[in-house]
Amino acid sequence: MRLLKIYLAILLFFTTSIFVSQTNFYGIIEYESKINGKKLDEYLSKKRSEIKNNYVVKSLDKVFFYTKGIKSKLIFTDRKGLFIVEDKLSLDIQDLGQRINYTSAGGTKEYYYDDNNKTYLIKECDAVGECFIFPNKFLKWQLTQETKKINGYISYKATRSNGKVIAWYTPKIPISFGPKGEYGLPGLILELAIGKIIFKAKKIVLNPKQKIIVEELKGGEFVTFEEYKKIIAKAKKKVFGN
Amino acid sequence: MGFKFYKMKRLILSLVFLLAVGVSFINASSNDEVLPNSKEAIEVVEEFGCASDCVQASREGALAFAEDHEDRSPEGELMQLYGNFYTACYSANCA
């Protein structure tokens, strides 16, 4: 009976330790984004020849052939996270390749995640010249059993928007966040193919010595998703028409 | 008969005179008012043409590069891409 009590005490200790370590899970993930090779092939084999305006072709060439990676990072602690692009824009206003790749990686946007309160927000300042903070809505993922190894982690494939967005996540790191506001998967996103670019995790630092603080978004007008949609629609109408 | 013919001839000549004077007046007023304006108009059109070409090219570039899936910031990124293309175009061709 006494031996059983000792066993139970040891079991309780380990269970508590695991629970505590999981709740205090924190880290920094460094990503790099580039033009997705598949999208470049599509552009060169089909879309490029369909564009009649030579100036547009030259501009898009600058963007698609931009080879430097854009650095971004995700920090997380206590089931909260923040994703931002780290690279700064070059002073050359005509460096179109960098500017478009920078914007596509997230630009000056800030993506805030809070699994505790189920609050997911985006701060955006560049679209219409004012800063807005609005909810980052949940988008449903389709999980698959397809796997591949990324940085030594077995990662599973998930897709959304009819397979147009592809994420590879690892359940070994139980953080449901990823680059550019993506969230809701049962593990950290290590690779994300979205639009014309692809994010790849380059450095994974778990439980570093430095203290990680994830602050809530501030410095912008809080609006609902629908309100933000209307603001952008109004601005878009002026530029693109109906 | 002779008087009638004379009267008719005078009427026709008067009409021709009136027509000639009228046409010369119209031409004169055209020269005075329309030409300077049309010169100014051409200048404005040329200036607007540069920016409008950039608008057109930037729209096309942004739409070609924009994400073709459900966007987390509803088309806010499209506006930013447009801004990138337009700024680069304007500074290269119009500034």
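- For chain B, the option among K229(A), E182(A), E124(A) with the highest count of heavy-atom pairs below 4.5 Å is E182(A).
- Ring orientation note: the planes of Y183(A) and Y120(A) are close to parallel, at an angle under 30° on the 30°/60° scale.
- Proximity to chain B is limited to the side chain of V63(A), based on heavy atoms less than 4.5 angstrom apart.
- When the options L82(A), I29(A), I84(A) are evaluated for a side chain to side chain contact (heavy atoms under 4.5 Å, CB included) with I75(A), the one that passes is L82(A).
- Options G83(B), S58(B), A64(B), S73(B) differ in how many heavy-atom pairs under 4.5 Å they form with chain A, and the most are formed by S73(B).
- Contacts between E50(A) and chain B at a heavy-atom distance below 4.5 Å are absent for every atom of the residue.
- Contact of I100(A) with chain B is made through backbone and side chain together, with heavy-atom distances under 4.5 Å.
- One N or O on the side chain of K123(A) and one on the backbone of K218(A) form a donor-acceptor pair closer than 3.5 Å.
- Residues of residues 127-145 of chain A placed with any heavy atom under 4.5 Å of a heavy atom in chain B are listed by number as A127(A), F134(A), N136(A), K137(A), L139(A).
- Using a 4.0 Å cut-off between charged side-chain N and carboxylate O, E86(A) and K73(A) make a salt bridge.
- Heavy-atom pairs under 4.5 Å with chain A were tallied for R72(B), E77(B), M79(B), E75(B); the largest tally goes to R72(B).
- Between the side chain of Y112(A) and the backbone N or O of T119(A) there is no donor-acceptor pair closer than 3.5 Å.
- As summarised for C94(B) and C54(B), their two SG atoms remain at a distance no smaller than 2.5 angstrom, missing the threshold.
- In terms of heavy-atom pairs under 4.5 angstrom with chain B, the leader among K39(A), R160(A), R99(A), K196(A) is K196(A).
- Only the side chain of Y82(B) comes within contact range of chain A, with at least one heavy atom under 4.5 Å from a heavy atom of that chain.
- The most heavy-atom pairs under 4.5 Å with chain A, out of V55(B), T87(B), L81(B), come from L81(B).
- For chain B, no part of Y111(A) is nearby; none of its heavy atoms comes within less than 4.5 Å.
- Between atom CG of residue L40(A) and atom CZ of residue F64(A) there is a gap of 7.0 Å, rounded to the nearest 0.5 Å.
- Listed by chain and residue number, nothing satisfies the side-chain hydrogen bond (donor to acceptor under 3.5 Å, both in side chains) test with Y169(A) (two or more places apart in sequence, or in another chain).
- Across A88(B), G76(B), P74(B), the residue that shares the most heavy-atom pairs under 4.5 angstrom with chain A is P74(B).
- Atoms CD1 and CG, from I204(A) and L74(A) in turn, are 10.5 Å apart once rounded to the nearest 0.5 Å.
- K180(A) touches chain B through backbone and side chain together, each having a heavy atom under 4.5 Å away.
- Interface summary for chain A: among A62(B), C89(B), G61(B), the most heavy-atom pairs under 4.5 angstrom belong to C89(B).
- For a residue to count as touching a neighbouring chain, one of its non-hydrogen atoms must lie under 4.5 Å from one of that chain's; by this rule Y90(B) does not touch chain A.
- Judged by distance alone, with hydrogens and angles left aside, the side-chain atoms of N36(A) form a donor-acceptor pair with the main-chain N or O of K38(A) at under 3.5 Å.
- For the pair E32(A)/K200(A), no side-chain contact is recorded, criterion being any heavy-atom separation below 4.5 Å from C-beta on.
- Looking only at atom types and distance, the side chain of Y55(A) has a donor-acceptor partner in the side chain of N93(B) under 3.5 Å away.
- Remark: side-chain polar atoms of Q80(B) are not paired, donor with acceptor, to backbone N or O of S104(A) under 3.5 angstrom.
- Among V239(A), I197(A), L60(A), D95(A), the residue with the largest count of heavy-atom pairs under 4.5 Å with chain B is V239(A).
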